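What follows is a single structure, written as structure tokens, with notes after it.
Quick caveat, the model's predicted, so the values are computed rather than measured. By convention in this document, chain letters (A, B, ...) are assigned in the order of the sequence lines, proteins followed by strands, and residues within each chain are numbered from 1.
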Amino acid sequence: MTWKEAAGVLAVLVTLAGLPLLLWHWRVGVLNRYPPGTKVITLTAIANGGIWTQEEIVGANYWWRKPVRTEEISLQQGDHVVLRLRSVDVLHTFGIPLLRLGPVDVPAGHTVEVGFTAERAGVLTFLCWQVCSPDHPGLRGRFLVKAGKAVETW
Amino acid sequence: MAIANPIAPPAVSEETLQRPWRFDVFARWPWLKRLVRMRTFQFLAILPNLLLFYLFLIAGLFGTPVGNRNIIIVFVWILWWFVLITVMVPLGSRVWCTMCPLPFFGDWVQRRAVVLVHPGKSPGTENRFFGLHRRWPKQLSNIWLQNLGFLFLATFSALLVTRPIFSAVVFGVLFALATGLALVYRLRTFCNYVCPISGFLSLYAMTSTVELRSVDKNECLKCSSKACIRGSEKGWACPWNVYMGKLDRNNYCGLCFECVKSCPNDNISLFVRPFSTSDVILRGYDEVWKACIMLVLALTYSVMLLGPWGRFKDWANVSEVRNWGGFGLFAAGQALLALVIFPGLYYLSIRLAKWYAKADSIPTKELFLKYAYALVPMGLLAWIAFSVPLLMVNGSYIVSVISDPLGWGMNLFGTAEFPWAPLWPEWVPFIQVPILLAGFYYGFRGMHKVGRQLFSDPAQLYRSLLPPAVLLLAVTLVFLKLFVG
């Protein structure tokens, strides 16, 4: 094997192994770029079925997997939360009325980030404010904020 | 004569040997010849595309299911398709095949090399190949599989060009097929007889402004090694099984330039020639049907993807609308139009041509095959007219997807939120109309050129041209009506 052949084979192997590694590195890096203690929650809206889900919805599972609906998400009082909102089909609009958060547009295929602090214990309802499908009324859930530590400033 | 189509060997006509002007690119720019002679040339051309297609597969499987935010849809069905049909094919023949990554792994397992060449012996070649090296069945040694394969994919085109997972599955299957077939069959069997992209490239490459040919065919006649097709220690046997001494059409030359490396007489060069003037002969019914299928698909794609009729879009969009009855109508209608109705109309025009020109001495089959070239430039330019708005209206998605190729929320170059911005959409019809008219012109001109070889009497010639010309005109008017109302 000449050096050119070896270099060629190496280039192919680096391509095959390197690309997934790069992508994985980026994904890990995303989660690590928030301040320590931040709770990062990914919520994906699916119009068909009116579902907010924390599952990863990608090309491979969008068509045949029925994702688990997220009814409730538990938080601790004082939690700093970053919501990574996604839509996999149409324009959705996210809001938490009690916190006066939103409406935040979540266009199809985009990832939108919003943050809040769970200052008080209680129930925070989140929902979609954009009539996106016949199943639109189902696009709601709750943050259950449990009483806990005192609020810390960000 | 080793070409893909088993119809009678081509007569290398006087017209072919004395072609209209052509410009010897390698003679004018020797550095280009040195470049393609490098053993690493094709590998370096393929590697970036291999990386890209790998990214596309990953994006299709693990990226967002939203088409316009996923690189596999935006880059393949907007950017690559536009560049392929509008630039690469008319100006570069099968130059896409030079850099296509699909057969890469198949070549690797056959050759056990990505760059090197192995001299040796395998049936019909002077190279050492691995794998079973079987001959592809003679009954399938044509482009019928490619015709039907492309028609099958076109039936699901509404899903293919909008859903990342479908595109990923199709390309994954093509990669696997290419590799698997290389283990069993000789050379680039996949490219020659199976690849659906190769099918229409073979047809439309006939119009291209470049050709790879022998400089002096007498040198080929004197050559004993036939290294262009058999290979040598300097180059692999032609993956397309093409003998340069008899090559007079672009259809089945994949521009891999192995023959340029292996020719012992330095007798092969790249030439530039006028558009749609040289390769004007279709040699088999498979090629005629390919021309019919592609022209009909240009029409149905335009209706489905660009037209205002929501019903047809819903019929084609079966994965969401779930109207299987409508989808069945759409699929059957498209297949019927492409395989039966339009070829039937063309056949009718040929029968009329024979009758009107009183051309009883010319077999119907000969006229049917020879005049069918008119459908080639017409079909290519209809596809270009269809593809122009694809880029002009949707091209802005390329800017956003570059920064976030998988729709994961990346922003690599700061353009992830670049808005959808159609580029001068009001100018689209003004671009499409001259393209369609050019298609009619080149189609008629090609038919006229072929007709001159059949009819010495000008009056008889024009009478024979009239019925198919009317059909071409009708097709052009349908496209014009569709695009400009």
**Item:** Closest-packed option against chain A by number of heavy-atom pairs under 4.5 Å, given B:Thr64, B:Val114, B:Leu51, B:Leu50
**Value:** B:Val114
**Region of A:Thr44 that comes under 4.5 Å of a non-hydrogen atom in chain B** = neither
**Request:** Answer yes or no: does atom NZ of A:Lys39 have more than 12 heavy-atom neighbours from other residues, nucleotides or ligands under 6.0 Å?
**Result:** yes
**Request:** Answer yes or no: is there a side-chain heavy-atom contact under 4.5 Å between A:Val58 and B:Leu61?
**Result:** no
**Request:** Would you confirm whether A:Arg86, through its side chain, and B:Trp408, through its main-chain N or O, come within 3.5 Å as a donor-acceptor pair?
**Result:** yes
**Request:** Identify which of A:Thr2, A:Val88, A:Leu19, A:Thr111 forms the greatest number of heavy-atom pairs closer than 4.5 Å to chain B.
**Result:** A:Leu19
**Prompt:** Are any non-hydrogen side-chain atoms of B:Trp108 and A:Val12 less than 4.5 angstrom apart?
**Reply:** yes
**Pairing residues for A:Leu99 by the side chain to side chain contact (heavy atoms under 4.5 Å, CB included) criterion, not counting sequence neighbours** = A:Ile96, A:Leu101, A:Phe116, A:Leu124
**Request:** Against chain A, label B:Leu406 side chain, backbone, both or neither, depending on which of its atoms sit under 4.5 Å from a heavy atom there.
**Result:** side chain
**Asked** For B:Val66 and A:Asp89, which heavy atoms make the closest approach, and how far apart are they?
**Response** CG2-N, 4.0 Å
**Message:** Run the salt bridge (Lys or Arg N to Asp or Glu O under 4.0 Å) test against B:Glu417 and tell me which residues pass, sequence neighbours left out.
**Reply:** none
**Item:** Considering all heavy atoms, the nearest A:Ala11-B:Leu47 contact
**Value:** CB-CD2, 3.8 Å
**Asked** By a 4.5 Å heavy-atom criterion (distance strictly below it), what part of B:Leu116 contacts chain A: side chain, backbone, both, or neither?
**Response** both
**Message:** Within a 6.0 Å radius of atom CG on A:Asn48, are there more than 12 heavy atoms belonging to other residues, nucleotides or ligands?
**Reply:** no
**Asked** Counting only N and O atoms by type, is there a donor-acceptor contact under 3.5 Å from the side chain of B:Tyr54 to the main-chain atoms of A:Leu16?
**Response** yes
**Item:** Close approach to chain A in residues 31-43 of chain B, criterion heavy atom under 4.5 Å
**Value:** B:Thr40, B:Phe43
**Request:** Quick one: pull up CG in B:Leu55 and OG1 in A:Thr15 and give me the separation to the nearest 0.5 Å.
**Result:** 11.5 Å
Which atom pairs, donor and acceptor, lie under 3.5 Å between side-chain atoms of residues 390-402 of chain B and protein residues at least two apart or in another chain?
{"residue": "B:Ser396", "atom": "OG", "partner": "B:Ala421", "partner atom": "N", "Å": "2.8"}
{"residue": "B:Tyr397", "atom": "OH", "partner": "B:Asn68", "partner atom": "ND2", "Å": "3.3"}
{"residue": "B:Ser400", "atom": "OG", "partner": "B:Tyr397", "partner atom": "O", "Å": "3.1"}

**Item:** Atom of B:Arg112, atom of A:Glu5 and distance for their closest heavy-atom approach
**Value:** O-OE2, 4.4 Å
